[in-house]
Amino acid sequence: MSASDNPNKHPLSVYNTLGGEKQRFVPRDPQRVTMYVCGPTVYNLAHIGNARPVVVFDVLFRLLRHLYPEVVYARNITDIDDKIIAAAQAGERSIDAVTDEFTAKYREDMAALNTLRPSLEPHATHNIEAMIELTETLVEKGHAYESAGHVLFAVQSMPDYGKLSGRSLEDMLAGARVEVADYKRYPGDFVLWKPAADNEPGWDSPWGRGRPGWHLECSAMIRAHLGDSIDIHGGGRDLIFPHHENEIAQSRCSHDGDFVHYWMHNAYLDMDGEKMSKSLGNVKTVRELLQHYRGEVLRFALLSAHYRSPLNFSGELLGQAESALGSLYNTLRDVRHIDVDPEAVELAGEAAFQALCDDLNTPGAISELHALARQLHKSQTPVEQAWLKARLLALGGLLGLLQQDPEAWMQGGVDDDGLDAAAIEEKIAARARAKKDKDFALADAIRAELLAEGVVLEDSREGTQWRRA
RNA sequence: GGCUCGGUGGCAGAGUGGUUAUGCAGCGGACUGCAACUCCGUAUACGCCGGUUCGAUUCCGACCCGAGCCUCCA
């Protein structure tokens, strides 16, 4: 039974890079959906661009969990790589010290964006044996060869190599930017296994002490942890070629099965209209941004555009995200005393849910959140308010948004300096007395004083409440 | 050069062969002691040129502009 066969579910469509079109999602096993997303190379802090696929596929993970009984989501930790070795040597530290530090920081940063931990986080170095086995199989089957201590994949041995990225071998070499190593039989061949220098980490193998090539770990770990075939494989657009193309080559030439059914790729982030790059000096780490914006604001900003569109990540975007998110929390604050059960909401009929089922249309879903908020403001009856609040929370939860205490959200911020709540309440009380005495000059002075501290007052019949601007 | 994807109002960003996207900011009004919040209303749009069509921002073609990839970058 697929989701589409269940009247209580809504069909999910995703854009499949393989085929270049939106397709109905049909899992191979509706009881157990499998998803793999390329994770970090742990040698430095994650930047906000790295966070986009993490947040996007987190939404997909949440959505799939609503649609299917079990979802196994694996995201690898690449803890062996040239850049890690370089970082360790530069810092005169051990490899482990580097990878442990940045694995921990990666988890902290992604948690701050309210992303769920994947079901599995396989480490490359824990799966070396599987990589060696995979390489041996490829050699046995005539798809790989040993040369000068390297083992290389022979791309010409695979008839439809290049299918994912939509290019032929001739096309790929036409650009002629390929630096041809003399140990390659064919310029497009790529490394499965390479020799390790004495001062580099290495593992014993049939080809001597060495370490894996870049693409190998994903193929080996997918097979080891998820099986020969999986439903969804995700990552950034830039990985389509060569990384994912080569994963396909490794996996399909070594074992039966079609490896991945749905390939999903997110577009890049720009920084103030320019590509984020180290040479431009405009790389922003998640950690840096968290100094100035709350994680949920960053998450909201990342979800404000469709994942396949480039998103210009600017201070203005973040300001808008903060305002928009604040208005939603403000709505929830007004009904904070109404108890609801978001679990009871049947999502299938919700427009926001349907938007997400249409290839993760997060901007569409967010607009529906605003529509619910507007209805909530206008509603006068507690029953209706409870119903709307439950829906807003349920749908927000699907996006990983709006799950914090609204009062705390409105009164909180990233800065710890400024007036504390008790001092603010005290001034509000003083202002209330002034208002009662019709001393509006004093009341306004107090309000202006608080505003200067970044505190905005909102009067109502029930009294005065405050929030941080 | 090859392959791929885009160009929507001040900004961000959906979507559609004919009907208000939405948000942020702006303007007008209601509410308020005045504000804020909220509500109501409102201006600004679909790169350019052709074609198909009763009708195109939406389909087709050309053009201009931009982006990504072309061996280790999300």
Side-chain angles (χ1 to χ4, degrees), chain A residues 17 20 37-41 46-54 56-57 78 81-83 155 162 165-168 170-181 184 187-191 213-215 234-243 245-246 265-270 273-278 300-301 304-306 308-314 316-328 330-331 333-334 355 358 361-371 373-374 377-378 410 435 438 440-441 443-444 447-448 451 456-461 464-467 469:
Chain A
T17 305
V37 174
C38 288
T41 300
H47 59 67
I48 189 66
N50 295 314
R52 169 121 98 151
V54 179
V56 163
F57 291 106
T78 298
D81 174 270
D82 289 352
K83 289 189 292 268
V155 296
S165 51
R167 59 187 88 198
S168 64
E170 299 78 63
D171 289 342
M172 280 181 256
L173 298 179
R177 263 171 54 184
V178 179
E179 195 179 316
V180 183
K184 288 185 181 181
D189 292 351
F190 60 90
V191 172
W214 177 36
H215 317 296
R237 283 190 73 88
D238 55 314
L239 296 177
I240 295 172
F241 189 89
H243 185 53
E245 196 72 73
N246 291 349
H265 294 98
N266 62 276
Y268 262 51
L269 237 46
D270 290 334
E274 287 184 303
K275 181 182 175 175
M276 185 162 46
S277 75
K278 284 176 185 155
F300 190 97
S304 68
H306 185 84
R308 283 190 286 112
S309 296
L311 172 62
N312 186 23
F313 208 81
S314 62
E316 192 168 3
L317 175 73
L318 289 167
Q320 292 181 3
E322 198 150 47
S323 297
L325 192 55
S327 81
L328 292 173
N330 190 39
T331 306
R333 183 192 208 185
D334 289 345
D358 181 13
N361 186 348
T362 53
I366 288 171
S367 79
E368 295 298 334
L369 256 35
H370 286 295
R374 197 180 320 112
H377 276 303
K378 289 161 82 167
M410 299 306 288
K435 281 177 65 173
K438 304 281 184 208
F440 295 119
D444 289 353
R447 185 171 63 198
L451 186 59
V456 179
L457 300 188
E458 294 172 6
D459 292 340
S460 73
R461 254 174 304 177
T464 298
Q465 62 180 9
W466 61 274
R467 64 183 162 86

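Note on naming: letters A, B, ... go to the chains in the order of the sequence lines (proteins, then strands), and numbering restarts at 1 for each one.
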Fill in: Nearest-angstrom distance from the residue atom CD of A:Glu245 to P of B:C72
16 Å
Worksheet item: What interatomic distance, in whole Å, is found between C1' of B:A43 and the corresponding atom of B:G28?
Response: 11 Å
Item to complete: Once you apply the 3.5 Å cut-off to both distances, tell me the Watson-Crick or G-U wobble partner of B:G10, or none.
Response: B:C24
Discussion item. Run A:Thr41 and A:Asp81 through side chain to side chain donor-acceptor pair (under 3.5 Å) and show every step you take.
Written reply: CA-CA 8 Å; A:Thr41 300; A:Asp81 174 270; 4.8 Å; no
Worksheet item: In whole Å, what is the span from the CG atom of A:Asn50 to the C1' atom of B:C73?
Response: 9 Å
Worksheet item: Would you say B:U71 has OP1 or OP2 under 4.0 Å from some side-chain N or O of A:Asn246?
Response: no
Fill in: Geometric class of the A:His215/A:Phe190 ring pair [parallel <30°, tilted 30-60°, perpendicular >60°]
perpendicular
Worksheet item: Is it true that a side-chain atom of A:Asn266 and a backbone atom of A:Arg308 form a donor plus acceptor pair closer than 3.5 Å?
Response: no
Discussion item. Using whole Å, what does the distance between atom C1' of nucleotide B:A74 and atom CZ of A:Arg308 come to?
Written reply: 17 Å
Item to complete: Could you measure between the two C1' atoms, the one in B:U57 and the one in B:C49, and give it in whole Å?
Response: 15 Å
Worksheet entry | Interatomic distance, A:Leu239 CG vs B:U4 P [rounded to whole Å] | 20 Å
Fill in: Counter-base of B:G1, judged by Watson-Crick or G-U geometry with both distances under 3.5 Å
B:C70
Discussion item. Taking any heavy-atom pair under 4.0 Å as a contact, classify A:Leu269: base, sugar-phosphate, or nothing.
Written reply: base
Worksheet item: For the pair made of CG in A:Asp270 and P in B:G68, what is the distance, rounded to whole Å?
Response: 7 Å
Discussion item. So, OP1 or OP2 of B:C40: does either fall under 4.0 Å of a side-chain N or O from A:Lys378?
Written reply: yes
Practice prompt. Using the P atom as the reference point in each nucleotide, state the distance between B:A12 and B:A67 in Å, no decimals.
Written response: 16 Å
Item to complete: Identify whether any heavy atom of A:Asn361 sits under 4.0 Å from a base atom; if not, whether one sits that close to sugar-phosphate; answer base, sugar-phosphate or nothing.
Response: sugar-phosphate
Worksheet item: Pick the nucleotide of RNA chain B nearest each of A:Lys435 and A:Val155; which residue has the one closer to the 5' end?
Response: A:Lys435
Worksheet item: Heavy atoms under 4.0 Å, any strand shown: does A:Ile240 hit a base, just sugar-phosphate, or nothing?
Response: nothing
Fill in: Gap in Å between the two C1' atoms, one belonging to B:G9 and one to B:G29, rounded
23 Å
Item to complete: Please state the C1' separation for the pair B:A74 and B:U22 - nearest whole angstrom.
Response: 27 Å
Worksheet entry | Separation of the P atoms in B:A21 and B:G1, to the nearest angstrom | 39 Å
Worksheet item: A:His377 side chain: which of B:U38, B:C73, B:A36 is closest?
Response: B:U38
Discussion item. Quick check: do A:Ile366 and A:Phe300 have side-chain heavy atoms less than 4.5 Å from each other?
Written reply: yes
Discussion item. Main chain of A:Ser309, side chain of A:His306: is a donor-acceptor contact present, judged purely on distance under 3.5 Å?
Written reply: no
Discussion item. Distance check needed: B:G15 C1' versus A:Glu368 CD, whole Å only.
Written reply: 12 Å
Practice prompt. Tell me whether A:Tyr268 is stacked on the nucleobase of B:A74, counting only the six-membered base ring and applying the 5.5 Å and 30° thresholds.
Written response: yes
Worksheet entry | A:Asp459 side chain, from C-beta outward: closest of B:G33, B:A36, B:A35 | B:A35
Item to complete: With RNA chain B as reference, determine whether A:Gly166 or A:Val191 sits nearer its 5' end, using the nearest nucleotide of each.
Response: A:Gly166
Worksheet entry | No-H, no-angle donor-acceptor pair, A:Gln320 side chain to B:C11 base, under 3.5 Å | yes
Practice prompt. Check whether any side-chain N or O of A:Asp358 sits under 3.5 Å from a backbone N or O of A:Asn361 as a donor-acceptor pair, and report yes or no.
Written response: no
Practice prompt. Among B:G33, B:A14, B:A74, find the nucleotide with the atom closest to the side chain of A:Asp444.
Written response: B:G33
Practice prompt. Would you mind classifying the nucleic acid contact of A:Thr331 as base, sugar-phosphate or nothing, using non-hydrogen atoms under 4.0 angstrom?
Written response: nothing
Item to complete: Tell me the partner of B:U38, counting only Watson-Crick (N1-N3 plus N6-O4 or O6-N4) or G-U wobble (N1-O2 and O6-N3) with both under 3.5 Å; none if nothing fits.
Response: B:A30
Item to complete: Would you indicate what A:Gly49 reaches in the nucleic acid, counting non-hydrogen atoms under 4.0 angstrom: base, sugar-phosphate, or nothing?
Response: base
Fill in: Interatomic distance, A:Leu317 CG vs B:A14 P [rounded to whole Å]
11 Å
Item to complete: Classify the nucleic acid contact of A:Ser165 as base, sugar-phosphate or nothing, counting any heavy atom under 4.0 Å across all strands shown.
Response: sugar-phosphate
Fill in: Proximity to the side chain of A:Phe190 - top-ranked nucleotide from B:A74, B:U71, B:G23
B:U71
Practice prompt. Consider the side chain of A:Ser367, meaning its heavy atoms from C-beta on, and name the nucleotide among B:G23, B:A21, B:C37 that approaches it most closely.
Written response: B:A21
Item to complete: Could you check whether A:His306 gets within reach of a base, just the sugar-phosphate, or nothing at all, counting any heavy atom under 4.0 Å?
Response: sugar-phosphate
Item to complete: Look through every strand shown and name the nucleotide pairing with B:U58 as Watson-Crick or G-U wobble, where both distances are under 3.5 Å.
Response: none
Worksheet item: Which part of the nucleic acid, if any, lies within contact of A:Asn330, taking any heavy atom under 4.0 Å across all strands shown: a base, the sugar-phosphate backbone alone, or nothing?
Response: sugar-phosphate
Worksheet item: Think A:Ser304 has a side-chain N or O under 4.0 angstrom from the OP1 or OP2 of B:A14?
Response: no
Worksheet item: Any donor-acceptor pair under 3.5 Å linking the side chain of A:Thr331 with the backbone of A:Ser327?
Response: yes
Fill in: Separation of A:Leu325 CG from A:Gln320 CD (nearest 0.5 Å)
13.0 Å
Fill in: Same-atom distance (C1') from B:C65 to B:G47, integer angstrom
8 Å
Worksheet item: Of all the choices, B:U38, B:U71, B:C5, which nucleotide is nearest to the side chain of A:Lys184 once you look at every atom?
Response: B:U71
Response to the item:
Among B:C72, B:A36, B:C11, the one nearest any side-chain atom of A:Lys83 is B:C72
Response to the item:
pair_partner(B:U44), Watson-Crick or wobble, both distances < 3.5 Å, evaluates to none
Practice prompt. Please confirm whether any donor atom in the side chain of A:Arg374 sits under 3.5 Å from an acceptor in the base of B:C39, or the reverse.
Written response: no
Worksheet item: So, is the end of the A:Arg52 side chain (NZ or CZ) under 6.0 Å from the ring centre of A:Tyr268 and within 45° of the ring's axis?
Response: no
Worksheet item: Do side-chain atoms of A:Gln465 reach the backbone of A:Glu458 as a donor and acceptor pair under 3.5 angstrom?
Response: no
Practice prompt. Would you classify A:Arg167 as touching base, sugar-phosphate or nothing, given that sugar-phosphate means primed atoms plus P, OP1 and OP2, and contacts are heavy atoms under 4.0 Å?
Written response: base
Worksheet item: A:Glu458 side chain: which of B:G13, B:C37, B:C72 is closest?
Response: B:C37
Worksheet item: Do the side chain of A:Arg447 and the base of B:A35 come within less than 3.5 angstrom through a donor-acceptor pair of N or O atoms?
Response: yes
Item to complete: Taking atom C1' in both B:C73 and B:U58, compute the distance separating them and give it to the nearest angstrom.
Response: 35 Å
Discussion item. Please pick, from B:U38, B:C70, B:C34, the nucleotide with the shortest atom-to-atom distance to any side-chain atom of A:Phe241.
Written reply: B:C70
Worksheet item: Could you give the CZ-to-P distance, from A:Arg461 to B:U38, as a whole number of Å?
Response: 16 Å
